[in-house]
Every structure is written in structure tokens, then in C-alpha cells.
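Report on the structure given below.
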Amino acid sequence: DGGITQSPKYLFRKEGQNVTLSCEQNLNHDAMYWYRQDPGQGLRLIYYSQIVNDFQKGDIAEGYSVSREKKESFPLTVTSAQKNPTAFYLCASSSSGTVNEKLFFGSGTQLSVL
Amino acid sequence: KQEVTQIPAALSVPEGENLVLNCSFTDSAIYNLQWFRQDPGKGLTSLLLIQSSQREQTSGRLNASLDKSSGRSTLYIAASQPGDSATYLCAVESTSGTYKYIFGTGTRLKVLA
């Protein structure tokens, strides 16, 4: 079945540690996105990529980094500079990143601070 | 700056009732509005996408309408079932800015058996 796989489902970060969230898709989509979801708030865009080796910052990119070396993969690193990382992280994709495309989401990663 | 609001934040209805969820947005310059469903601890599933030139879209028991000029959309769920219990989010794709979709905070729906 085609879809988006996020791993791990739960992740714990120690003080000063960088952690990486995995996102893999087999939908052959060009565009991929990372969102952060906090309780009682809407999803906020962290980074997005419309093509391999290219990505742009979203609303809340500070303290995060991404790479897009392969079409299928868009990992997100939460760095120690992100002081409030506890949230539910969602990866999404769309066919080409142009307008009027449905977004497809993975099942999310819950990140907590130890 | 585009803002998307969903009221109420939570709603409980008895099984079989027809219900309407509301979504409002402040800037009518949009390409489309999309409705999503989110189950607890899960990702979002796209339900319906209404382009700016369209007035409504239907899928099964779901019907979504769009009034761009007034900045409103509604999601109508007919003959609600306990399996419809979830959080429903709307999102608009604005023509201005580069940040793709702007999401509302969602309406948490509980359908009582």
C-alpha cells in the first residue's frame, strides 16, 4: 500500500541532544512537508520541500533542520536550539507542491523531553 | 495575515443526528479549502477539497460548502455514527504568502451511541 511512514512513533529527547525524526513516502510525490501540532493549536509548518535537494523554511523553522537527498525521504532534526520541542510532529506530502493538491499525512511522532 | 477559526472546539451529538461543523477564514484570497479528519494520536486524512471556483463537494454522507466572499465553509455530516467521532480540521491554501496551508484548531466531535 502506498503511504507515508513516520518513525519512531514516540521519541524522548534529553537536554542538549539532537534527535532525528524519519519520514518516508512511496507515493512518488515531489513535495513533502513537516508540521508541528500542539494541543489546542492548529498545525504549523516547519519546513517544506518541493524537489530533491531544495527546501524552504516555514513559520517556525528555528531550532529545526531538514535534508532532502532522496525523493522518498525527508528527515527532520530537532536540535538542542529548540527549547520547547515537546509536540506531535506530522510529515505530509503532495503530488507536485502546486496548488489545489490534497495533502497526505503520516501517522505522526510524539516527541517529549526527559 | 490569514487566520482560520473553527467553532465550537468540541461537540457531542446523539447517533443518527445530522450535524454541521463550521470553519471561517479572514482572507478570501484562497485557492481552496480542505477538510481533514484526525483520530486521536494519528495523522490527518483528507476528506474533501473545495476549489475557490466551486460551491460544494460531496463524498458519501459528507458535504462541504464554501462561501469565499463571506469567508466561511461548512462540513455537513448526515446520519452521524459513533465511528464519525474524531477531530475535524479545515485548512485554506492562500494565494498570498508561501506557507501553503493555514490550519484551524479543529472541532472535536463525539457521536454518542
Side-chain angles (χ1 to χ4, degrees), chain A residues 3-11 21 23-25 27 29-50 54-61 87-112, chain B residues 1-10 21 23-26 29-54 57 59 62 64 66 68 86-108:
Chain A
I4 301 176
T5 301
Q6 288 188 241
S7 62
K9 186 169 178 62
Y10 300 97
L11 186 58
L21 285 61
C23 177
E24 303 276 333
Q25 55 99 358
L27 299 168
H29 284 175
D30 285 317
M32 297 186 74
Y33 314 83
W34 274 106
Y35 289 92
R36 169 177 171 145
Q37 186 176 33
D38 294 279
Q41 296 193 37
L43 277 68
R44 292 182 289 168
L45 184 65
I46 306 172
Y47 269 98
Y48 68 99
S49 167
Q50 288 188 281
D54 186 49
F55 47 83
Q56 284 78 43
K57 294 181 179 180
D59 278 325
I60 55 166
F88 190 54
Y89 290 86
L90 288 159
C91 179
S93 71
S94 64
S95 180
S96 61
T98 56
V99 298
N100 293 324
E101 292 181 340
K102 283 193 173 183
L103 286 175
F104 294 81
F105 283 83
S107 56
T109 293
Q110 175 64 51
L111 175 62
S112 302
Chain B
K1 180 184 173 184
Q2 178 74 266
E3 293 182 4
V4 180
T5 303
Q6 292 184 250
I7 296 173
L21 305 180
C23 173
S24 60
F25 48 96
T26 56
I30 64 170
Y31 290 116
N32 64 74
L33 184 144
Q34 195 163 170
W35 281 94
F36 296 86
R37 169 184 171 138
Q38 185 177 28
D39 292 291
K42 303 289 187 183
L44 280 66
T45 300
S46 178
L47 298 172
L48 292 163
L49 185 152
I50 313 174
Q51 295 185 28
S52 62
S53 59
Q54 299 172 325
Q57 283 285 327
S59 175
L62 306 179
L66 176 64
K68 202 174 66 165
T87 296
Y88 291 81
L89 296 95
C90 65
V92 297
E93 187 170 18
S94 288
T95 61
S96 60
T98 58
Y99 293 157
K100 306 302 285 185
Y101 282 95
I102 307 297
F103 284 80
T105 53
T107 294
R108 191 170 62 254

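In what follows, every chain begins at residue 1, and chains take the letters A, B, ... in the order their sequences are listed.
Heavy atoms from other residues, nucleotides or ligands lying under 6.0 Å from CD of A:Q56 number more than 12. At most 12 heavy atoms of other shown residues, nucleotides or ligands fall within 6.0 angstrom of atom NZ in B:K1.
The two atoms that bring A:V99 and B:E93 nearest to each other are CA-OE2, 3.6 Å, heavy atoms only. The two residues A:L103 and B:S46 have their closest heavy-atom pair at O-CB, 3.9 Å.
Only the backbone of A:T98 comes within contact range of chain B, with at least one heavy atom under 4.5 Å from a heavy atom of that chain. Contacts between B:L47 and chain A at a heavy-atom distance below 4.5 Å involve the backbone alone (N, CA, C, O).
Among B:L49, B:V4, B:L44, B:I50, the residue with the largest count of heavy-atom pairs under 4.5 Å with chain A is B:L44.
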Please table the atom pairs, donor to acceptor, closer than 3.5 Å between any side-chain atom in residues 37-45 of chain A and protein atoms at least two apart or in another chain.
residue, atom, partner, partner atom, Å
A:Q37, OE1, B:Q38, NE2, 2.9
A:Q37, NE2, B:Q38, OE1, 3.0
A:D38, OD1, A:R36, NE, 3.4
A:D38, OD1, A:R36, NH2, 3.1
A:D38, OD2, A:R36, NE, 2.9
A:D38, OD2, A:R44, NH2, 2.9

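A 4.5 Å side-chain heavy-atom check between A:Y33 and B:Y101 finds every atom pair outside the cut-off.
For the pair B:Q34 (side chain) and A:K102 (backbone), a donor-acceptor distance under 3.5 Å is absent.
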